[in-house]
Amino acid sequence: MPASPLIYVLNGPNLNLLGMREPEIYGTDTLDDIATRVEDRARALGARVEIRQSNHEGHLVDWLHEARLQGAKAVILNAGAFTHTSVALHDAVKAIGVPVIEVHLSNPQAREEFRHHSFIASVAKGSITGLGALGYELALDAAVRL
Ligand code: DQA
């Protein structure tokens, strides 16, 4: 029987504050709530998930490298504000050779101008934005079917 696919779910800065952080934009689910939903969906899909959050750019770079070393099938990445600033994350996504699905709870294109550019989008397999926590579950569905 083939091993169940491993999917990394990486979350960037300030996403640890979900639930209380600007709920009118990001909703009222906490990151733990989202993790529970992703874990439930993973179980239903027969996948394994590794869910992490950090406020530090280098941790996210290290975890992208780790995803490759661990043989992950895909990475779901919500890089938070680093989406709009980080050449290091762009390079890491490009380097690892593992498909990355970019997720945002909000729709950055419908927000401030400084959120319109993503350093991740051009190197991601695809992006899911604006659908709230559901975006993570949809990204997981896509990740296992890639
Ligand atoms: C976000 C969108 C980013 O612009 C913002 O900096 C975040 C959250 C989202 O999930 O909607 O921290 O990635």
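Just so you know, ligand 1 is whichever comes first in the structure, and atom 1 is the first atom listed for that ligand. Source: prediction; values computed, not measured.
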Ring centers of Phe82, His84 separated by less than 6.0 Å: no

Ser54 versus His59, closest heavy-atom pair with distance: OG-ND1, 2.7 Å

Sub-3.5 Å pairs, protein N or O with ligand 1 N or O:
| unit_1 | atom_1 | unit_2 | atom_2 | d |
| --- | --- | --- | --- | --- |
| ligand 1 | 4 (O) | His84 | NE2 | 2.7 |
| ligand 1 | 4 (O) | Arg115 | NH1 | 3.0 |
| ligand 1 | 6 (O) | Ala81 | N | 3.2 |
| ligand 1 | 6 (O) | Arg115 | NH1 | 3.1 |
| ligand 1 | 10 (O) | Asn78 | ND2 | 2.9 |
| ligand 1 | 10 (O) | Leu105 | N | 2.8 |
| ligand 1 | 11 (O) | Leu105 | N | 3.3 |
| ligand 1 | 11 (O) | Ser106 | N | 2.9 |
| ligand 1 | 11 (O) | Ser106 | OG | 2.6 |
| ligand 1 | 12 (O) | Arg21 | NH1 | 3.1 |
| ligand 1 | 12 (O) | Arg21 | NH2 | 3.0 |
| ligand 1 | 13 (O) | Asn78 | OD1 | 2.8 |
| ligand 1 | 13 (O) | His104 | ND1 | 2.8 |

Joint cluster assignment, Ile7 & Val75, ILVMFWY side-chain distance < 4.5 Å: no

Under 3.5 Å donor-acceptor pairs involving side-chain atoms of residues 132-146, not counting sequence neighbours:
| unit_1 | atom_1 | unit_2 | atom_2 | d |
| --- | --- | --- | --- | --- |
| Tyr136 | OH | Asn11 | OD1 | 2.6 |
| Tyr136 | OH | Asn78 | ND2 | 3.2 |
| Glu137 | OE2 | Arg37 | NE | 2.9 |
| Glu137 | OE2 | Arg37 | NH2 | 2.9 |
| Asp141 | OD1 | Arg41 | NE | 2.7 |
| Asp141 | OD1 | Arg41 | NH2 | 3.2 |
| Asp141 | OD2 | Arg41 | NH2 | 3.4 |

Side chains of Arg52 and Val9 in contact at under 4.5 Å (non-hydrogen atoms): no

Test applied, side chain to side chain contact (heavy atoms under 4.5 Å, CB included); reference residue, Leu77; option that passes from Val93, Val103, Ile101, Thr83: Val93

